[in-house]
S.K.: 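Can you read through this structure? Questions will come right after.
Side chains are part of it too, since the values below use all heavy atoms of this structure and drop only hydrogens, waters and symmetry mates.
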Amino acid sequence: MFNAMIETLKANPRKIVFTEGHDARILEATSRLVEGGFLTPILVGNVDEVKANAAKGGFNIEGVEILDPATYAGMDEMVEKMVELRKGKMSADECRSALLKGNYFGTMLVKMGYADALLGGATYSTADTVRPALQLVKTRKGAHLVSSCFILVRGDEKLAMGDCAINIDYQDTVDKVTGEVTVSAAQKLAEVAVETAKTAQVFGIDPKVAMLSFSTNGSGKGGTVKLSHDATAIAKEMAPELAIDGEMQFDAAVAPEVGQLKFPGSKVAGYANTFVFPCIEAGNIGYKIAQRLGGYEAYGPILQGLNAPINDLSRGCNADEVYKMAIITCAMV
């Protein structure tokens, strides 16, 4: 999987911003990327601190661009652009203060076209990575939310799971004046399903999407059953070319003898490789069970729905995970 992505990146050079350039894990991954030569890292941080930490760890970052928000020559232009993007929600002074932080500064480098992608979160929370992305890079046209996907790999087997990291649950968006539902909860979950299928395709997965629940094809009631059922119908309308079915239980999704008994005639039941959870509790627990008990390597969260590839690291990540997530992030361009 990674070899194929690297070959693609060799043919299509990309620049990626690391928002925490001083971190040893980022520096080790950067050293590997420099050696590989298939993408260009940019480190955000104090130049002396970054170089000192690299020397301390024995990491080669020779020739890597290091940008310090405190001394960046284009800061005035960046502040002006951010004020414009925030549309009166932040003053110039507030924008300047925000841009002194690596997460906002790095995101603006992507927004202004200086870099193609961003990877952060080694020390920042998920919220601190996603918030600048939503405010500055923003969601793609037609997208109503940002979601996430994990790619799970075990040998030659690859699975996709979403959303396991961003959306706690799905609620109707209601117009404050008219009281009308502008975007339903089911529409949002359907959007997550379609986006997760598209992400799966990037990784060479031919997606067979199961909309998960504790019910299969109407066998149960209550909870999130109706949500998953309705989202399935909407997702099929949104992307009729995709194999999507639900609602279904996990055993019906992965075991052919169960799937075809409980959901006869389904092209997905028993053969699913892309799983969409009805809430973050199920999703987060689900992918971690697969990772820890199933022996899968988990890559993500891969953010979906943004205008540019911006991804979040776990604060418990290691250098190898940073290296691989950098490749993944640039492959999403």
Side-chain angles (χ1 to χ4, degrees), residues 145 147-154 157-172 183-201 203 205-296 298 300 304:
L145 77 169
S147 61
S148 73
C149 171
F150 279 85
I151 299 297
L152 290 100
V153 180
R154 185 177 65 185
E157 187 180 4
K158 291 178 285 187
L159 307 173
M161 293 186 175
D163 175 359
C164 307
I166 301 295
N167 296 287
I168 293 175
D169 58 14
Y170 301 92
Q171 302 289 334
D172 293 342
V183 185
S184 72
Q187 282 177 283
K188 294 177 183 179
L189 185 57
E191 193 172 305
V192 171
V194 173
E195 288 295 323
T196 301
K198 290 178 180 177
T199 300
Q201 289 172 330
F203 292 89
I205 299 170
D206 180 15
K208 295 178 178 59
V209 185
M211 305 294 285
L212 297 175
S213 179
F214 61 86
S215 164
T216 299
N217 199 22
S219 66
K221 306 293 181 186
T224 57
V225 172
K226 187 176 187 304
L227 171 67
S228 295
H229 175 84
D230 292 351
T232 302
I234 296 169
K236 286 181 175 181
E237 291 178 4
M238 290 174 63
E241 74 281 4
L242 293 174
I244 302 175
D245 228 337
E247 84 291 354
M248 68 179 74
Q249 294 158 286
F250 193 81
D251 58 347
V254 299
E257 67 278 10
V258 178
Q260 292 305 306
L261 175 66
K262 291 186 172 183
F263 210 139
S266 170
K267 295 179 181 179
V268 173
Y271 307 100
N273 55 23
T274 301
F275 306 92
V276 178
F277 296 88
C279 63
I280 199 171
E281 283 100 338
N284 196 267
I285 292 168
Y287 99 81
K288 288 186 176 179
I289 288 175
Q291 180 186 29
R292 298 298 177 179
L293 298 184
Y296 286 86
Q304 305 173 149

S.K.: Please find the pair of heavy atoms, one from A193 and one from V209, that lie closest to each other, and give the distance.
M.R.: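 Looks like CB-CG1, 4.4 Å.
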S.K.: Under 3.5 Å, side chain of N167 to main-chain N/O of D169, donor-acceptor pair present?
M.R.: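 Judged by distance alone, no pair lies under 3.5 Å.
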S.K.: Looking only at non-hydrogen atoms, find the nearest pair between Q260 and A269 and report the distance.
M.R.: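 Q260 and A269 have their closest heavy atoms at NE2-O, 3.0 Å.
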S.K.: With a 4.5 Å heavy-atom cut-off, do E247 and T224 have their side chains touching?
M.R.: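 In short, these two side chains do not touch, never coming nearer than 4.5 Å.
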S.K.: What's the separation between atom CD1 in I234 and atom OG in S184, rounded to the nearest 0.5 Å?
M.R.: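 Output value for this atom pair is 4.5 Å.
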S.K.: Are the side chains of D163 and E191 in contact, using a 4.5 Å heavy-atom criterion?
M.R.: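 Contact flag for E191/D163 side chains = no.
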S.K.: Which distance, rounded to the nearest 0.5 Å, do you find between the CD1 of I151 and the CE of M161?
M.R.: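 Atom-to-atom, I151:CD1 and M161:CE are 10.0 Å apart.
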S.K.: Would you check, one step at a time, whether the test side chain to side chain contact (heavy atoms under 4.5 Å, CB included) holds for Y170 with L145?
M.R.: CA-CA 10 Å; Y170 301 92; L145 77 169; 4.0 Å; yes
S.K.: To the closest 0.5 Å, what do you measure between CD (E195) and NZ (K198)?
M.R.: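 Answer rounded to 0.5 Å: 5.0 Å.
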S.K.: Of all residues at least two apart in sequence or in a different chain, which pass the ring pair (Phe, Tyr, Trp, His ring centres under 6.0 Å) check with F250?
M.R.: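 If we apply the ring pair (Phe, Tyr, Trp, His ring centres under 6.0 Å) test to F250, skipping adjacent residues, the hits are F275.
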S.K.: Taking all atoms of both residues into account, what is the closest heavy-atom pair of S148 and T196, and its distance?
M.R.: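 Answer, listing the atom of S148 first, then T196: O-OG1, 4.5 Å.
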S.K.: Does the Q187 side chain pair with the main chain of A231, one donor and one acceptor, at a distance under 3.5 Å?
M.R.: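 No, the answer is negative, given that no donor and acceptor are paired below the 3.5 Å cut-off.
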S.K.: Quick one: closest heavy-atom pair of F214 and G222, and the distance?
M.R.: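 Answer, listing the atom of F214 first, then G222: CZ-O, 3.5 Å.
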S.K.: Ignoring hydrogens and geometry, is there a side-chain-to-backbone donor-acceptor pair from D172 to A185 under 3.5 Å?
M.R.: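 Yes; judged by distance alone, with no hydrogens or angles, the pair exists.
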S.K.: Using the side chain to side chain contact (heavy atoms under 4.5 Å, CB included) rule, take D245 and K236 through it: C-alpha gap first, then chi angles, then the decisive distance, then the call.
M.R.: CA-CA 8 Å; D245 228 337; K236 286 181 175 181; 3.2 Å; yes
S.K.: When rounded to the nearest 0.5 angstrom, what distance separates CE in M248 from CZ in F263?
M.R.: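 Atom-to-atom, M248:CE and F263:CZ are 5.0 Å apart.
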S.K.: Do S228 and L212 come close enough that some side-chain heavy atom pair is under 4.5 Å?
M.R.: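 Sidechains of L212 and S228: no contact.
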S.K.: Output the distance between atom CD1 (I205) and atom OG1 (T274), rounded to the nearest 0.5 Å.
M.R.: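 I205 CD1 to T274 OG1: 5.5 Å, rounded to 0.5 Å.
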S.K.: Mind checking the CD1-OG spacing from I280 to S147? Nearest 0.5 Å is all I need.
M.R.: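 Here the interatomic distance stands at 11.0 Å.
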S.K.: Got a sec, which residues hit side chain to side chain donor-acceptor pair (under 3.5 Å) with K158, two or more places apart in sequence or on another chain?
M.R.: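 Partners of K158 under the side chain to side chain donor-acceptor pair (under 3.5 Å) test: none.
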S.K.: Please evaluate residues N217 and K262 with respect to the criterion side chain to side chain contact (heavy atoms under 4.5 Å, CB included), reporting the C-alpha separation (whole Å), side-chain torsions for both, the decisive distance (0.1 Å), and the verdict.
M.R.: CA-CA 7 Å; N217 199 22; K262 291 186 172 183; over 6 Å; no
S.K.: Report yes or no: does S215 contribute a side-chain atom to a donor-acceptor pair with the main-chain N or O of K221 at less than 3.5 Å?
M.R.: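 Here the side-chain-to-backbone pair does not exist.
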S.K.: Of all the heavy-atom pairs spanning A235 and I244, show the shortest one and how long it is.
M.R.: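 The pair with the smallest heavy-atom distance is CB-CD1, 3.8 Å.
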S.K.: Under a plain distance cut-off of 3.5 Å, with no hydrogens placed, do T199 and Q304 share a side-chain donor-acceptor pair?
M.R.: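 Present: a donor and an acceptor within the cut-off.
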S.K.: Has the side chain of N273 got a donor or acceptor atom that lies under 3.5 Å from a matching backbone atom of L159?
M.R.: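 Not a single qualifying donor-acceptor pair exists.
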S.K.: Between S219 and Q249, what is the shortest heavy-atom contact and its length?
M.R.: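 Between these two residues, the closest heavy atoms are OG-OE1, 4.3 Å.
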